[in-house]
Participant: 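One structure, as structure tokens, below. Some questions next.
Order of the sequence lines sets the chain letters (A, B, ...), proteins ahead of strands, with each chain counted from 1.
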Amino acid sequence: MAGSNWLPRWFYQLASPRWCYDITGKLLPGFLIAAVLLLVAGLVWALAFAPPDYQQGNSFRIMYIHVPSAILAQSCYMLMAIAGAVGLIWKIKVADMVAFACAPIGASIAVMALATGAIWGKPTWGSWWVWDARLTSMLILLFLYMGVMALYAAMDNETTAAKAASVLSLVGLVNIPIIKYSVEWWNTLHQPATFTLTEKPAMPVEMWLPLLVMVLGFYCFFGVSLMLRLRNEIIRRERRSGWVRELITSR
Amino acid sequence: MAELCTNSAEISLGQLFSAVLKRDLLLSFRRKSDLVNPLIFFLMVATLFPLGVSPEPTFLADVAPGVVWVAALLATLLSLDGIFRSDYDDGTLEQVILSPQPLMVVCLAKVMAHWMTTGLPLALMSPLLGVMLFLPMSAMFGLVVSLLIGTFVLSLIGAIGAGLTVGLKRGGVLISLLVLPLYIPVLIFGSGAVQAAVAGLPLAGYLALLGAMLALGIVLAPLAISAAVRISVTG
Amino acid sequence: MQFETISEFIKMDGHGLYVWLSYAIGVSILIGNLILPLFTRKELIKNLARRLRRENNAQ
């Protein structure tokens, strides 16, 4: 890294488990406060103050929780694959732990996107499940998460499991655009595009502003959850090192 | 594997590829049951549908493209574990990794051998299933060609899963979990091609897309396969 | 405020069940994602502390 000082120092320090533990410990309260504030404000705004949709009425309010979770589930996969690649290429242990911590969060958020999507489908389409392109690709994303988690669970050796899961999530990352387009094309072949849930021609400000707040809140929340899991992972894998022993005994 | 142990200067990539291919084909022809089992499975799965759903010809003709494709996909899945398993168990894979020859070429040759022993016979046998499921004769060409291209992609993607799980005792179920979601685009375009053939629509677009996936797979999958095998064997 | 009364807010023009069900699922998944790592952390630290004590006693 000599000569390249365009990245701040703390960025390199993140690669050390101990520093990463300290830095995330300092960042956690801020993220937690931001997440709680944004989510509570967003929830109240979305539930009580946002205007109802002229077509869907109040069931439209599900969007404020469905869309952020769908966005987050996808970006979480991206982060998992990128962290896996970083761990694979530069052999940074913390990156492996980040990838490991991403998998269960992403899977649960994907479940949330699917569940809210299905519930939203009932008043809009009249059935709980529609083979809509977005729902189907979200289901496949959940399958990809489950594959990664099954691979982690099947391997005893942590380093091997991390490498194998990184390869799998990278293969998945290459495949995601292909899956997305193939599912969209398959969908247009099988049923005419009846109704798009999220692509409103021009959403008024009072409708998309709460959505923006919710999306930001979800990202902050993701940061909190990721850091909590990451810190657990750091303690677990570094349990033999001196600083973790000190940390445990000092409590 | 005598050919592989020679000095790297003496063997070209093409020779390496054909040596591995020849060896794997020879090995699988010595174990005939492994060769025949996926075919029997393919036939049986396709038999289950008329029994389980309805023997009505019009209905069967409707679902035939999907059924044949899903059956071929499952038959490929069943045989995936065998790509690296015996080589891993007897230590050959370790020797291959230690050898100076590029692992990627060896992996590609092994996948090619796997396709020639499963995908190729499956595609050649598919008209039989097509007839059983009342698929119109005009769609047979589309069925065979889409399976020929598609099963190679399935073998390439599946080999990644096989490589990742070869070090595990019970890799069988895990492979399907890892690989099935990645199979979906191939299934969509493969059965789409057959459906287009049934409807009398031009096939070229679907086959071109399958071909594009094959090209992408041949370029990228060996990278992932060799990385996976290396991780499994050295880990 | 889009709603006049509390009962209107709960009913949401007949879509209340769907809206509240999806928000309940969403919020419970969010809270679960916070509680679960906290529990794991507690458990982990307890186990590690026990192990440390055992090691110290053995020496």
Participant: Side-chain donor-acceptor pair under 3.5 Å between Tyr183(B) and Thr76(B), yes or no?
Facilitator: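 Absent: no donor and acceptor within the cut-off.
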Participant: Are Phe189(B) and Trp185(A) an aromatic pair by the rule of ring centers under 6.0 Å?
Facilitator: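 Under 6.0 Å, so yes.
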Participant: Which one wins on heavy-atom pair count under 4.5 Å against chain B: Leu151(A), Asn157(A), Val183(A)?
Facilitator: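 With the most close heavy-atom pairs to chain B, the winner is Leu151(A).
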Participant: Top residue by heavy-atom pair count (under 4.5 Å) with chain A, among Val186(B), Leu177(B), Ile188(B), Thr234(B)?
Facilitator: Ile188(B)
Participant: If you compare all heavy atoms of Ala73(A) against all heavy atoms of Ile109(A), which two are closest, and at what distance to 0.1 Å?
Facilitator: N-CG2, 3.9 Å
Participant: Taking His66(A) for its side chain and Ala113(A) for its backbone only, find out whether a donor-acceptor pair lies under 3.5 Å.
Facilitator: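 Flag set: sc His66(A) to bb Ala113(A) pair under 3.5 Å.
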Participant: Is the side chain of Arg239(A) donor-acceptor paired with the backbone N or O of Arg236(A) at a distance under 3.5 Å, no angle test?
Facilitator: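 Flag set: sc Arg239(A) to bb Arg236(A) pair under 3.5 Å.
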Participant: Tell me if the centroids of the rings in Phe60(A) and Trp120(A) come within less than 6.0 Å of each other.
Facilitator: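 Aromatic pair excluded; centres sit 6.0 Å or further apart.
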Participant: What residues of residues 208-218 of chain B make heavy-atom contacts with chain A at a cutoff under 4.5 angstrom?
Facilitator: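 If one takes a 4.5 Å heavy-atom cut-off, the residues of residues 208-218 of chain B near chain A are Leu209(B), Met213(B), Leu216(B).
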Participant: So which part of Ile231(B) gets closer than 4.5 Å to some heavy atom of chain A, the side chain, the backbone, both or neither?
Facilitator: both
Participant: Quick one: which of Val174(A), Leu168(A), Val171(A) has the most heavy-atom pairs under 4.5 Å with chain B, could you say?
Facilitator: Leu168(A)
Participant: Is the closest side-chain donor-acceptor distance between Ser146(B) and Trp69(B) under 3.5 Å?
Facilitator: yes
Participant: Between Trp115(B) and Phe152(B), how do the two ring planes meet: parallel, tilted or perpendicular, split at 30° and 60°?
Facilitator: parallel
Participant: Could you look at Leu182(B) and say if it's the side chain, the backbone, both or neither that has a heavy atom under 4.5 Å from chain A?
Facilitator: both
Participant: Chain A heavy atoms under 4.5 Å from Ile160(B): which part of the residue, side chain, backbone, both or neither?
Facilitator: side chain
Participant: Are the side chain of Tyr77(A) and the backbone N or O of Ser169(A) linked by a donor-acceptor pair below 3.5 Å?
Facilitator: yes
Participant: Any residues in residues 91-106 of chain A near chain B, with a heavy-atom distance under 4.5 Å, and which are they?
Facilitator: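 When heavy atoms of chain B are the reference, residues 91-106 of chain A contributes no residue within the under-4.5 Å range.
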Participant: Counting N and O atoms only, with roles assigned by atom type, does the side chain of Ser232(B) sit under 3.5 Å from a partner on the main chain of Gly163(B), one being a donor and the other an acceptor?
Facilitator: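 A pair under 3.5 Å: yes.
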Participant: Look up atom CG in Leu144(A) and atom CD1 in Ile176(A), then write down how far apart they are to the nearest 0.5 Å.
Facilitator: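 So the gap between those two atoms works out to 6.0 Å.
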Participant: Check for a donor-acceptor pair, side chain of Ser225(A) on one end and backbone N or O of Phe222(A) on the other, with a separation under 3.5 Å.
Facilitator: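 No; zero donor-acceptor contacts below 3.5 Å.
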